[in-house]
Each structure stands twice: as C-alpha cells, then as structure tokens.
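Notes to accompany the following structure.
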Amino acid sequence: MIVSALDKKVALVTGAARGIGQAIAVELAADGADVALADVQTEWLEETAGLVRAQGRRAETYAMDVAVEASVEAAVAKMLEDFGRIDVLVNNAGITRDTLLMRMSEADWDAVLDINLKGAFLVTRAVVKPMMKQRSGVIVNIASVVGLMGNAGQANYTASKAGLIALTKTTARELGSRSIRVNAVAPGYIRTAMTEKLSDAARAAMLNLVPLRRPGEPEDVARVVSFLASDNAAYVNGQVLTVCGGMVM
C-alpha cells in the first residue's frame, strides 16, 4: 500500500478561503492531511472545505482574525478539541495596502504589519505549545520575494515579509531541539485575484523580471509547501525557498 506523504497529519492553513491559501489546503489534502481552514472571510471557507473533502480528507472551518490574540487562541483551542493535534501550520494570511512611502498612512502601515507579521507570530505562538508537547511539528511561513529584494510602493508589505523571513529563521533556531522545523516559501509573481487587479503595464513589468516569462500559479506554491510539510524535507530547516520562476537568483 502506498502511504501518502502527509498521511494521518493535521494541518492548519490561515488565509485559506481563496487563492494561494486555498491551493495549499487542497494540495496538503491530496498528500494525505486533514485540514483546519482558518480565515476572517468565513463566507468563502466552505468552498475550500468542499475541495479538501473531495480529496477524501477531513476539513473543518474556523473564523480567525490572525491579528487578534483572543481570536487566534479561541480558534486554535477549538481545532485541538476537534482534531486532537496540529502537525503542520501554514502561515498564509496576508494583505496589501500599496502606495508610495510618502503617501502611506499610519493605518495602512499598521494593518499590513498586524496581519502579515504579528498574525504569524500570534498563530505560531499558539500552535507551538501543543507541538512542543508532541515533540514534533512543521511550520511553513508564506513570505514573498519582495521581502528579499524590496519593491517600490510596498514599504509596509516588504517590511512585513522581510520580518516574516527573520521570524522564520529565529523560530527555527529556537524550536529545532523539539523536532519542530520552520521554513519559509517566498512566491514571486503568482496569478491570483490580487495580481490580476494590477494594470497591464505593471504585470508586463513584473513578467519582464521572470526568465520563464510567465506568472506562476497558486499550485506551484502549494506543491513546495506540501514538500516542506512532509518528512521528505526532514532535514530542511530555517530556509527560504523562492518560487518565482527565477525572478530572484
């Protein structure tokens, strides 16, 4: 009998309602995991749940505002009650509020940092407690290539993703002795609802930086996440894997 790479594992994916988060949840399920789906946009979560269940795996949905400690703690407690354990955490929830630095409001700065960076901190802290008791676990943070290279008009977003990369490396050092691995995936230009809103000129400029001359798909990111979550990556820790078609080398 062929055993799936994530057989009998339980994964939590934040920002699972749409886009890359949805693709990650489905890929983890295809590789054998049951999935706890968390998002503030609860009206979209049932679609993702249906796609997970179509893979023959269990899916449960949870309202979670990753920027609010009480919301995170309550949702994680309910997940542990429902599933009994959490083996994989994918910190995917994120937003953008793009504008040039000189025009950026404090509210737009705070909103992006709260969700993209503080949110990952709060969910990681909540999930690490049961993982440490299990003496096993995997955390995958969804960063971005702009956290490595910068990007005009995204001071808040790039700062949040650079911070997430630093958080990845620090938690990997702190948690390694408990057999908990922490890595980051840094997507480049991925075809999502967010990037489709860009102007034709902006999309063309981004594609010009990609040697493959095409955008990536959410599934391209999801497959790398599932690899990192599995025992196939058992000795990969504290790393940032770019999924960008060569945009960053």
Side-chain angles (χ1 to χ4, degrees), residues 12-24 38-41 64-72 75-76 89-128 139-175 182-190 192-198 202 206 209 216 218 221-222 224-225 228 238-244 247-248:
L12 160 58
V13 182
T14 69
R18 308 182 77 181
I20 291 175
Q22 183 178 85
I24 290 169
D39 207 300
V40 72
Q41 294 182 308
M64 179 193 286
D65 184 341
V66 298
V68 178
E69 181 180 18
S71 177
V72 170
V76 169
L89 165 62
V90 182
N91 280 311
N92 169 73
I95 65 168
T96 58
R97 295 286 187 273
D98 296 349
T99 191
L100 293 175
L101 177 67
M102 64 183 294
R103 297 173 184 161
M104 187 173 291
S105 68
E106 184 178 357
D108 283 345
W109 174 273
D110 288 345
V112 171
L113 270 292
D114 279 354
I115 292 174
N116 297 8
L117 185 54
K118 178 184 173 183
F121 156 69
L122 289 174
V123 181
T124 297
R125 189 180 63 178
V127 168
V128 157
I139 299 169
V140 182
N141 294 321
I142 306 303
S144 171
V145 293
V146 299
L148 297 168
M149 59 187 284
N151 195 37
Q154 289 192 310
N156 48 6
Y157 186 76
T158 57
S160 72
K161 294 302 185 178
L164 189 56
I165 288 169
L167 179 65
T168 297
K169 294 177 179 292
T170 296
T171 49
R173 290 185 181 278
E174 289 187 6
L175 301 173
V182 189
N183 293 288
V185 173
Y189 177 21
I190 306 298
T192 64
M194 184 186 300
T195 57
E196 288 303 299
K197 293 178 182 178
L198 296 172
M206 292 181 70
L209 298 174
V221 179
V224 175
V225 172
L228 289 173
Q239 303 305 305
V240 181
L241 274 64
T242 56
V243 183
C244 63
M247 179 185 286
V248 174

- Message: Show the nearest heavy-atom pair for residues V146 and N151, with the distance to one decimal.
- Response: CG1-CB, 3.7 Å
- Message: Is it true that N141 and T168 share a donor-acceptor pair across their side chains at a distance under 3.5 Å?
- Response: yes
- Item | Those residues that, when tested against R97, pass side chain to side chain donor-acceptor pair (under 3.5 Å) (two or more places apart) | none
- Query: Just by modelled atom types, is the A93 backbone N or O under 3.5 Å from a matching donor or acceptor in the T14 side chain?
  - Reply: yes
- Item | I165 vs L148, side-chain contact (heavy atoms from CB on, under 4.5 Å): CA-CA, chis, key distance, verdict | CA-CA 9 Å; I165 288 169; L148 297 168; 3.7 Å; yes
- Query: Taking atom types as modelled, is there a side-chain donor on S71 or D65 under 3.5 Å from an acceptor on the other?
  - Reply: no
- Verify side-chain contact (heavy atoms from CB on, under 4.5 Å) between V66 and L122, making sure each step is shown before the conclusion. CA-CA 7 Å; V66 298; L122 289 174; over 6 Å; no
- Kindly indicate whether the side chain of V76, heavy atoms from C-beta on, has any atom under 4.5 Å from the side chain of V127. yes
- Task: Could you pull out all residues at least two apart from E174 that satisfy salt bridge (charged side-chain N to carboxylate O under 4.0 Å, His left out)?
- Result: none
- Query: For V13 and G21, which heavy atoms make the closest approach, and how far apart are they?
  - Reply: CG1-O, 3.8 Å
- Item | Atom CZ of R125 with >12 non-hydrogen neighbours under 6.0 angstrom | yes
- When every non-hydrogen atom of S160 is compared with those of N116, the smallest separation belongs to OG-ND2, 3.2 Å
- So, do S144 and Y157 sit near enough that their side-chain heavy atoms are less than 4.5 Å apart? yes
- Message: Working note: T171 + I139, criterion side-chain contact (heavy atoms from CB on, under 4.5 Å); need CA distance, chi angles, decisive distance, verdict.
- Response: CA-CA 9 Å; T171 49; I139 299 169; 5.8 Å; no
- Item | Any I20 side-chain heavy atom under 4.5 Å of N92 side chain | yes
- Item | Min side-chain heavy-atom separation V123-L89 under 4.5 Å | yes
- Query: Quick one: are V240 and N183 in side-chain contact, heavy atoms under 4.5 Å?
  - Reply: no
- Taking all non-hydrogen atoms of both residues into account, name the closest pair between A120 and L164 and its distance. CB-CD1, 3.5 Å
- Item | Under 3.5 Å side-chain donor-acceptor pair for Q154 and D98 | yes
- Query: Considering only heavy atoms from C-beta outward, does the side chain of I142 approach that of P187 to under 4.5 Å?
  - Reply: yes
- What's the shortest heavy-atom distance between P218 and G19, and which atoms? CB-O, 4.1 Å
- Item | Within-4.5 Å side-chain heavy-atom neighbours: Q239 and L228 | no
- Query: Under 3.5 Å, is there a donor-acceptor pair between the T99 and D108 side chains?
  - Reply: no
- Query: Between N156 and M104, is any pair of side-chain heavy atoms under 4.5 Å apart?
  - Reply: yes
